[in-house]
Amino acid sequence: MVDTQTITDHERWAGVYKLLDRTSRIHPEFEPQEEIKEFIKTCKILVIGAGGLGCEILKNLALSGFGDIHVIDMDTIDVSNLNRQFLFRRADVGKPKAVTAAAFVNKRVQGVTVTPHYCKIQDKDEDFYQEFALIICGLDSIEARRWINATLVGMRDEDNPDTLKPLIDGGTEGFKGQARVILPGITSCYECSMDMLSKPTGFPLCTIANTPRLPEHCIEWASVLEWSNKHGDRKMDTDDPKDIQWLYETALARAKQYNIQGVTYSLTQGVVKNIIPAIAATNAIVAASCCNEALKIATTCAKNLDNYMMYSGNDSVYTYTFEHQRKDDCPVCSNSSTKLDFRGDKTLEEFMDYLKEKPDIQLKRPGFAVGGKPLYLQAPKQLEEALRPNLVKPLKELFSSGDEVTITDSTLPFSLQAVVTLT
Amino acid sequence: MDAKTQKYDRQLRLWGSSGQEALESAHILLINASAVGCEILKNLILPGIGQFTIVDPGTVSQNDIGSNFFLDFDSLGKQRAERAYELLGELNEDVKGNWAAKDIHSILKEDPGYLAQFSTVIATDITRETAEKLAALCWVGGQDANNRNPAGKKNITFVWVKTVGLFGAARIAVPEHTIVETHPDNVADLRIDTPFPELSAFAQSFDFDTEDSLEFGHIPYVAILLNYMDKWKQTHNGKIPSTYAEKNELKANIRAGMRSVDDENFDEAISSVLRSCQPTTIPSEIKALVNDPKCEHLNAESENFWILTRALRDYVNDHTKSDGLLPLSGTIPDMKAQTDSYVTLQSIYKTKAKQDVQEVSKVVESLLSSLGLAAGSISQQEIETFCKFSAFLKVIRYRSLEEEYHQPNTKQIDPDSVFPYYVLLRASDSFYDDHGRYPGEGENWEDDVDQLHANVGTLLQSWGIANDAVSKDLTHEICRYGNGAIHNIASLIGGVVSQEIIKLSTRQYIPMNNTFLFDGARSVSAVFAV
């Protein structure tokens with residue numbers, strides 16, 4: 001056993017300190033300074049998500065020499081996390097991820113302080129986010145990413161450099177993933193690249209109800225249509241094996257009736273929970289790339305990623321690094337309104353369905369207003385009921401071509417201004 | 001769902017239970033518990049490899065705990081192999097671990113056949129000389145039929161890994177790797193250009209003049225395509241559209257048949273025209289495969305893959321059975337259709353696929369018997385999978401380290417690519433041979449730049465490449481890194497390597513060939529077959 005006092009930063013962080021102590025000819029702008037080492041020890045970094053990517057990110061930041069790390073996550077540990085979320089053990093199932101992950105890293109890496117926040121990101125205000133030098137996201141939710149992105153873009157004051165919060169975002173699916181650096185208001189933001197996401201998987205209701213062909217159609221029928229018929233107002237709990245078992249059996253019975261093969265318990269769970277395959281290896285790659293960028297941004301020891309790296313490991317190992325361009329009419333980081341074309345004889349409801357599916361918009365529960373006058377709102381209940389008749393009216397009866405429509409969604413911290421041309 | 005399926009749910013959705021079984025039979029050796037080595041093992045222990053063994057003669061240093069998550073403060077001064085084994089072993093109670101606080105050379109001196117028990121050997125923090133020696137031992141284990149261990153293991157995959165500052169590299173070497181389940185994006189094989197009789201009959205069963213618009217809007221697009229393709233052939237000497245203009249004409253014909261803009265099935269047909277006008281043929285890569293000498297010279301020791309490929313060849317060559325085409329995959333995409341017609345169409349393709357599998361099975365059985373192997377020693381399931389993916393089979397033959405060190409595949413070097421780092425890595429080995437240390441390790445690190453750059457020049461000259469292919473600024477950068485271990489880079493390379501080992505162990509997906517290079521300063525990477 002060696003005494004604490006004999007540990008020296010110089011020996012412990014030898015690899016990183018070589019980078020920080022030495023000049024570079026490929027990056028001549030870098031000037032080694034002792035203050036940089038002090039900065040990484042003391043600056044506050046926020047990690048959003050303590051799941052597959054989050055566990056990796058916490059480990060990487062602690063071993064990069066960052067001393068003051070915060071982590072925020074609203075989830076608890078599930079047994080299916082254990083194949084990759086290496087800060088958790090079987091005995092931890094059911095405990096909050098943020099708290100467990102923080103405790104593990106604090107114990108393993110001497111001198112680091114990881115502070116957990118067991119809550120939703122939406123529970124924190126701008127003052128909270130203002131405290132951090134940079135923010136790294138390891139999320140599996142598009143909604144949460146849109147929220148933090150819009151919040152950070154909104155916080156930026158061009159006259160005050162301290163309000164610029166670099167956002168590093170990682171994501172994985174199976175053997176694929178991506179890492180990107182967002183400088184709010186300077187580079188393209190998360191919202192600018194919404195159209196890179198694949199269309200949300202959903203099946204038309206008429207297929208589910210009348211012409212099922214795939215096992216997935218039978219599962220959707222069980223969860224979307226049959227559940228409320230049989231269970232009334234009781235909400236489905238996709239984490240409850242009993243509910244999944246009911247859905248599985250119901251879907252299986254329907255599949256048998258239609259001669260459709262392939263309904264399994266695992267597929268049922270996958271469809272209703274929208275499960276994305278995940279492994280430790282890919283998380284490690286993407287998280288390491290994010291933290292490499294964090295270290296470069298915090299120390300300026302090398303140029304940071306500008307601004308997107310895609311990774312694919314299905315066929316060989318392939319990365320593609322490129323500068324994603326800002327979107328001229330980005331509803332979050334630009335001042336101009338989005339332009340949309342839609343047929344004037346289609347109803348507001350059809351317009352709404354179109355926007356829910358449109359990859360660069362993807363709304364969940366939208367509301368509409370023109371010139372400050374609401375056309376449709378999801379809440380409060382009374383207003384919703386009063387405005388509901390508008391849903392079946394054609395757009396040309398509700399507003400004129402070229403009008404600016406304000407589209408809101410309770411899941412987003414911004415509204416979309418759209419100039420709608422009726423065709 | 002059992003406990004194991006629950007724990008591994010997110011990965012079973014990628015490689016299935018057969019992949020998991022293969023992973024669980026893997027025994028991985030890690031030589032030296034470096035940061036990158038432990039990161040690799042972490043990502044392999046979590047998804048449940050069978051066993052791991054760590055061999056490392058060293059003790060835990062301060063720099064180890066600053067770069068390796070699986071060596072902690074309490075480990076200082078203790079055996080690296082033992083501590084890494086303990087902290088990694090915690091990750092999965094279903095994985096067996098072993099360790100030896102010894103040098104690999106002394107182990108091999110005592111037991112020359114030591115490596116035979118492993119499926120994969122990962123070497124980190126070793127010199128070029130040791131790498132070449134270990135790689136050669138693994139290579140022989142992989143090729144020489146007399147040298148197999150009793151378990152019948154044929155290959156030992158050798159993986160060499162190194163990180164230097166913001167740069168990292170990994171190299172795979174195994175004589176041959178064959179893959180059936182390559183996981184292509186789309187295996188649908190619809191045969192619109194050459195429909196088999198049952199498929200034609202299906203297409204003709206639809207009444208395109210029906211009054212019922214619901215029925216009309218649900219004619220499966222495959223039937224629409226077949227119908228219009230058939231009409232086209234009748235007026236074009238039995239030929240399918242081949243030019244761009246002809247394909248557009250076919251599209252226009254289909255569009256003209258639409259009754260309303262809402263006939264999505266017609267839209268689906270139109271958007272499949274280009275793909276359907278590609279004549280169904282055997283891909284050139286598969287043609288090369290069936291002509292491979294390994295197919296020709298089968299023996300009782302041949303891998304199932306080669307017996308199956310030979311069966312595939314014989315099947316394809318028997319035109320009365322196969323029409324000279326590969327077995328049908330039997331998979332169709334979803335399409336707008338009534339349930340009944342979709343299920344019927346699906347079963348038409350499935351039935352034909354099954355017939356094809358039966359024909360291939362017959363060839364397999366006769367091959368097995370001629371080789372003196374037991375009937376059924378290649379399972380029906382294996383033959384089915386092979387037939388389903390027969391258009392996407394893959395064989396990778398790696399160059400050995402010996403071949404690479406003698407003459408790497410380097411005809412030209414793009415100075416802006418990641419490849420100059422490879423040259424610097426090799427030059428650093430030469431530097432080590434001369435000085436017994438790696439460039440930039442000491443305080444006077446800039447003094448090493450000229451020497452290392454001279455090593456670069458010598459190498460480039462011996463390969464017949466212009467001297468300016470590697471800039472001196474880059475040589476300076478490698479000296480700046482000073483052979484330092486940076487955790488982020490270790491973790492990234494560890495992630496890539498573990499992904500590759502999973503692909504190699506499960507025999508699913510396609511591993512890289514043969515060297516991965518990552519430049520963390522520019523966040524770019526590339527794979528080179530050096």
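Because the structure is predicted, anything quoted here is derived from the model rather than measured. Each chain gets a letter, A, B and so on, in the order its sequence line appears, and its residues count up from 1.
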>> Using 0.5 Å steps for rounding, measure from the OG1 atom of B/T5 to the OH atom of A/Y265.
In response: 11.0 Å

> So A/T211 and B/K336, side-chain hydrogen bond (donor to acceptor under 3.5 Å, both in side chains) or not? Walk me through it.
Replying inline: CA-CA 9 Å; A/T211 57; B/K336 187 115 190 281; over 6 Å; no

> Step by step, would you call B/H183 with A/N314 a side-chain hydrogen bond (donor to acceptor under 3.5 Å, both in side chains)?
Replying inline: CA-CA 8 Å; B/H183 291 261; A/N314 280 35; over 6 Å; no

> Looking only at heavy atoms, which two atoms of B/G442 and A/R22 are closest? And how far apart?
Replying inline: O-NH2, 3.0 Å

>> Could you report the tightest heavy-atom contact between B/I486 and A/L19, atom names first, then the distance?
In response: CD1-CD1, 3.3 Å

>> Which label fits B/F69 and A/F104: parallel for a plane angle under 30°, tilted from 30 to 60°, or perpendicular past 60°?
In response: parallel

>> Could you measure the distance from the CD1 atom of A/I26 to the CG atom of B/D519? Nearest 0.5 Å is fine.
In response: 6.5 Å

> Any idea which heavy atoms bring A/I7 and B/I65 closest together, and the distance?
Replying inline: CD1-CD1, 3.7 Å

>> With a 4.5 angstrom heavy-atom cut-off, is it the side chain or the backbone of B/L44 that approaches chain A, or both, or neither?
In response: neither

>> Counting C-beta onward and ignoring hydrogens, is there a side-chain heavy-atom pair between A/K107 and B/F73 closer than 4.5 Å?
In response: no

>> Less than 4.5 Å to any heavy atom of chain A: does that hold for the side chain of B/F518, its backbone, both, or neither?
In response: side chain

> Has A/K18 got its NZ or CZ under 6.0 Å from the middle of the six-membered ring of B/Y481, at an angle within 45 degrees of the ring axis?
Replying inline: no

> Is a donor on one side and an acceptor on the other found under 3.5 Å between the side chain of A/K296 and the backbone of B/A521?
Replying inline: yes

> Is there side-chain contact between A/Q110 and B/D72, with at least one heavy-atom pair below 4.5 Å?
Replying inline: no

> Would A/K303 and B/R522 count as a side-chain contact (heavy atoms from CB on, under 4.5 Å) if you check the C-alpha gap in whole Å, the side-chain angles of each, and the deciding distance to 0.1 Å?
Replying inline: CA-CA 7 Å; A/K303 280 199 191 83; B/R522 286 185 298 164; over 6 Å; no

> What distance do B/H218 atom NE2 and A/T207 atom OG1 have between them, rounded to the nearest 0.5 Å?
Replying inline: 6.5 Å

> Can you check whether B/T339's main-chain N or O pairs, donor with acceptor, with A/R213's side chain at less than 3.5 Å?
Replying inline: no

> Say you draw a straight line from OG of B/S525 to OH of A/Y311; how long is it, rounded to the nearest 0.5 Å?
Replying inline: 8.0 Å

> By a 4.5 Å heavy-atom criterion (distance strictly below it), what part of B/A337 contacts chain A: side chain, backbone, both, or neither?
Replying inline: both

> So, does B/Q11 use its side chain to make a donor-acceptor pair with the main chain of A/P277 at under 3.5 Å?
Replying inline: no

> Can you check whether B/M512 reaches A/Y318 side chain to side chain, under 4.5 Å on heavy atoms?
Replying inline: no

> Is the backbone N or O of B/G520 less than 3.5 Å from a side-chain atom of A/N292, with the two atoms forming a donor-acceptor pair by type?
Replying inline: yes

> So what's closer than 4.5 Å to chain A heavy atoms on B/V343: side chain, backbone, both or neither?
Replying inline: side chain

> In terms of heavy-atom proximity below 4.5 Å to chain A, should B/N92 be classed as side chain, backbone, both, or neither?
Replying inline: neither

> Side chain, backbone, both or neither: which part of B/K394 has a heavy atom under 4.5 Å from chain A?
Replying inline: neither

> Going through the distances and angles, do B/R10 and A/N81 end up as a side-chain contact (heavy atoms from CB on, under 4.5 Å)?
Replying inline: CA-CA 8 Å; B/R10 299 303 186 269; A/N81 301 147; 5.8 Å; no

> Between B/R480 (side chain) and A/D21 (backbone), is there a donor-acceptor pair under 3.5 Å?
Replying inline: no

> If we only count heavy atoms from C-beta on, is the A/N83 to B/L46 side-chain gap below 4.5 Å?
Replying inline: no

> With only heavy atoms counted, which part of B/I493 is less than 4.5 Å from chain A, the side chain, the backbone, both or neither?
Replying inline: neither

> Between B/E90 and A/R89, does at least one N-O distance fall below 4.0 Å, as a salt bridge requires?
Replying inline: yes

>> Measuring from atom SG of A/C290 to atom CG of B/L492, what distance do you get when rounded to the nearest 0.5 angstrom?
In response: 10.0 Å

>> Under 3.5 Å, is there a donor on one side chain and an acceptor on the other for B/N513 and A/S316?
In response: no

> Side chain, backbone, both or neither: which part of B/E477 has an atom under 4.5 Å from a heavy atom of chain A?
Replying inline: side chain

> Salt-bridged, B/K42 to A/E56, with N to O below 4.0 Å?
Replying inline: yes

> Sequence neighbours excluded, which residues qualify as side chain to side chain contact (heavy atoms under 4.5 Å, CB included) partners of B/E86?
Replying inline: B/E82, B/R83

>> Working note: A/R12 + B/S67, criterion side-chain contact (heavy atoms from CB on, under 4.5 Å); need CA distance, chi angles, decisive distance, verdict.
In response: CA-CA 8 Å; A/R12 182 185 185 188; B/S67 60; over 6 Å; no

> Will you find, in the side chains of B/N63 and A/E11, an N or O donor that is under 3.5 Å from an N or O acceptor?
Replying inline: no

> Which distance, rounded to the nearest 0.5 Å, do you find between the OG of B/S498 and the CD1 of A/I279?
Replying inline: 7.5 Å

> Tell me, side chain or backbone of B/K350 under 4.5 Å from chain A's heavy atoms, or both, or neither?
Replying inline: side chain

> Between B/Q6 and A/S80, is any pair of side-chain heavy atoms under 4.5 Å apart?
Replying inline: no

